[in-house]
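The next block holds one structure in the form of structure tokens; read it before the comments.
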Amino acid sequence: MTNAKKILLVDDDEAFNFLNRIAIQDSHLNCSFVEALDGKAALQYLQQNEECPDVILLDVNMPVMDGFEFLEQFERQKKCNKVSKVYILTSSLRDEDRMKSLNNKYVKGYFDKPLNASHVKKIISDLNE
């Protein structure tokens with residue numbers, strides 16, 4: 001049996017964290033979840049834990065530290081940025097946010113909330129590369 005994948009859900013909306021967890025669980029991916037309600041809490045999690053998550057699902061619009069501020073700090077921390085695959089999840093349909101996300105070297109995908117089966121399929125495909 002393969003090791004469980006670790007997924008970090010970063011979103012201030014706990015309902016979306018719940019829906020995203022269900023979408024991934026429906027795919028039968030062997031995984032565990034950790035939640036952070038903003039970018040600052042996510043960075044603290046990364047700094048305090050030995051293992052990096054395999055996937056980070058990152059909201060753009062959050063209080064305290066938004067997704068783009070998180071990405072700036074993520075690049076500097078050097079620990080997980082070579083390991084974790086980051087996907088932007090947002091309810092904001094702004095082209096500006098989409099382009100900014102996709103131009104970031106750590107972002108593997110940009111999805112509208114909530115996750116659906118095709119999003120999860122893409123994430124699983126990326127994990128198997």
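Fair warning: this is a prediction, and the values are worked out from it, not measured in the lab.
For residues 46-84, the ring-ring contact (aromatic ring centres under 6.0 Å, His included) pairs, not counting sequence neighbours, are Phe70-Phe74, Phe74-Tyr106. Sorted by first and then second residue, the side chain to side chain donor-acceptor pair (under 3.5 Å) pairs involving residues 57-71 (not counting sequence neighbours) are Asp59-Lys113.
When all heavy atoms are compared, the tightest approach of Asp12 to Pro63 is OD2-CD, 3.4 Å. Closest approach of Ala4 to Asp54, counting heavy atoms only: O-OD2, 4.3 Å. Gln73 and Leu43 get closest at one heavy-atom pair: CB-CD1, 3.2 Å. Asp38 approaches Met62 most closely through the heavy-atom pair CA-SD, 3.7 Å.
Side-chain contact between Leu37 and Glu14 is present, with heavy atoms from C-beta onward closer than 4.5 Å. When side chains are defined from C-beta on, Lys122 does not count as touching His119, because their heavy atoms never get closer than 4.5 Å.
Listed by chain and number, the residues in a salt bridge (Lys or Arg N to Asp or Glu O under 4.0 Å) with Lys79 amount to none (sequence neighbours excluded). Not a single side chain to side chain contact (heavy atoms under 4.5 Å, CB included) links Lys121 to another residue, sequence neighbours left out. Checked against side chain to side chain contact (heavy atoms under 4.5 Å, CB included), Leu8 has the following partners two or more places apart in sequence or in another chain: Val10, Val34, Ala36, Ala42, Tyr45, Leu46, Pro53, Ile56.
Under the 3.5 Å distance criterion, the side-chain polar atoms of Asn81 are matched with a main-chain donor or acceptor of Glu75. Under the 3.5 Å distance criterion, the side-chain polar atoms of Asn49 are left unmatched by any main-chain donor or acceptor of Glu51.
Hydrophobic clustering places Val107 together with Leu58 (ILVMFWY residues linked when any side-chain heavy atoms are closer than 4.5 Å, directly or through intermediates).
Atom CG of residue Asn116 and atom CG of residue Asn20 lie 10.0 Å apart, to the nearest 0.5 angstrom. Going from atom CD of Glu72 over to atom CG of Asn104 covers 9.5 Å, rounded to the nearest 0.5 Å. Between the CG atom in Leu102 and the NZ atom in Lys108 there is a gap of 12.0 Å [rounded to 0.5 Å].
Here Leu57 is tied into one hydrophobic group with Ile7, Leu9, Ile24, Leu29, Phe33, Val55, Tyr87, Leu89, Phe111, Leu115, Val120, Ile123, Ile124, Leu127, each link being a pair of ILVMFWY side chains closer than 4.5 Å.
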Query raised in the report: Does the side chain to side chain contact (heavy atoms under 4.5 Å, CB included) test come out yes or no for Ile88 and Leu71, once each step is laid out?
Result: CA-CA 10 Å; Ile88 298 291; Leu71 287 171; 4.2 Å; yes
